[in-house]
Amino acid sequence: RRVLFRSELHSSIDDLKSSMNDLLLRTTEAELRISTVEDTIARHDQALTQLQKDDAYLKNKVDQMENPSRHSNIRVVGLKEDSEGRDPVRFFTQWIPEVLGITNFTKPLEIERAHRTSAPKPRPDEPPRAVLIRFLRFQDREKILQLARAKGDIAIDGKRVRLFPDMSADLARRRKQFRPAAKALKEKNITGYLIHPARMKVQYKGRSHLFNTPEEVHTFLKELSNV
């Protein structure tokens with residue numbers, strides 16, 4: 001019986017060792033697969049990070065090339081469809097001085113082209129498409145925008161019409177991000193305004209401060225509060 005018991009015990013131990021070896025082998029294989037997957041994920045993460053950097057770089061380059069081509073343009077928003085008739089250039093050559101004050105223009109405006117944006121023509125109950133106007137001289141564009149800001153609201157047939165500088169969608173987004181900062185400055189009676197392309201200039205106690213991001217403006221205001 002002792003011999004039989006020992007034989008059975010040895011057999012059980014051998015089975016247990018075999019099971020443990022199999023488990024160890026499977027664990028090792030699983031660890032190797034996990035390590036391989038982790039390495040693959042790490043490589044994919046690196047590739048994704050590089051792609052994101054490349055995408056940001058290319059978008060910035062496109063933006064840099066696109067915005068100079070719009071440097072002499074303005075965008076008219078809110079003007080009723082077909083107001084310009086069949087000759088938009090002639091219409092806006094007369095319309096702009098009439099709206100902003102004929103005495104502000106000592107010579108006729110020179111407009112290269114004027115047209116509605118390429119979106120489908122809206123229904124009568126929808127907002128009109130914007131009008132893009134390109135001036136021969138950048139100085140005319142700047143003068144018109146300054147006069148429009150000074151005039152404030154422009155109402156045509158009871159509808160508000162606004163004049164904006166024409167810019168890429170990305171630049172418009174970056175400039176829009178400064179709105180909360182501009183509001184915070186106004187609440188403290190501090191003069192601040194955007195300058196090209198998307199920076200904010202602040203006048204405070206006779207000194208000029210230039211900020212590249214909205215966060216820098218908020219930090220500036222926070223420091224003033226702590227003084």
Spacing of [X] atom [atom1] and [Y] atom [atom2] [to the nearest 0.5 Å]:
X: Arg160; Y: Asp153; atom1: CZ; atom2: CG; result: 4.5 Å
X: Arg162; Y: Ile154; atom1: CZ; atom2: CD1; result: 10.5 Å
X: Lys176; Y: Leu194; atom1: NZ; atom2: CG; result: 13.5 Å
X: Ile133; Y: Asp166; atom1: CD1; atom2: CG; result: 10.5 Å
X: Arg137; Y: Glu112; atom1: CZ; atom2: CD; result: 10.5 Å
X: Phe91; Y: Ile96; atom1: CZ; atom2: CD1; result: 9.0 Å

Do you know which two heavy atoms are closest between [X] and [Y], and how far apart they sit?
X: Ala114; Y: Val89; result: N-CG2, 3.9 Å
X: Arg174; Y: Phe178; result: O-CD1, 3.5 Å
X: Pro122; Y: Glu81; result: CD-OE2, 3.4 Å

For a 4.5 angstrom cut-off between non-hydrogen side-chain atoms, does [X] reach [Y]?
X: Tyr193; Y: Met200; result: no
X: Ser72; Y: Leu136; result: no
X: Ile74; Y: Leu145; result: yes
X: Ser208; Y: Gln203; result: yes
X: Glu216; Y: Thr213; result: yes

Would [X] and [Y] pass as an ion pair if we require N to O under 4.0 Å?
X: Arg173; Y: Asp170; value: yes
X: Arg123; Y: Glu126; value: yes
X: Arg116; Y: Glu84; value: yes
X: Lys121; Y: Asp82; value: yes

Under the rule for ring pair (Phe, Tyr, Trp, His ring centres under 6.0 Å), what residues qualify as partners of [X], not counting sequence neighbours?
X: Phe105; answer: none
X: Phe138; answer: His71
X: Phe92; answer: Trp95
X: His115; answer: none

Verify the neighbour count for atom CG of Asp157: are there more than 12 heavy atoms of other residues, nucleotides or ligands below 6.0 Å?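 For Asp157, atom CG is not crowded (no more than 12 foreign heavy atoms under 6.0 Å).
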Qualifying residues under side-chain hydrogen bond (donor to acceptor under 3.5 Å, both in side chains), relative to Thr40, sequence neighbours excluded: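 So Thr40 forms a side-chain hydrogen bond (donor to acceptor under 3.5 Å, both in side chains) with Arg43.
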Output yes when a side-chain donor or acceptor of [X] lies under 3.5 Å from a complementary backbone atom of [Y], and no otherwise.
X: Ser83; Y: Leu79; value: no
X: Arg141; Y: Asn73; value: yes
X: Arg199; Y: Asn212; value: no

Assess whether side-chain contact (heavy atoms from CB on, under 4.5 Å) is satisfied between Phe211 and Thr219, documenting all intermediate values. CA-CA 10 Å; Phe211 302 103; Thr219 299; over 6 Å; no
May I have the step-by-step check of side-chain contact (heavy atoms from CB on, under 4.5 Å) for Arg75 and Thr117, ending in yes or no? CA-CA 9 Å; Arg75 182 178 290 257; Thr117 57; 3.8 Å; yes
Residues 180-190 side chain polar contacts: donor-acceptor under 3.5 Å, at least two apart:
none

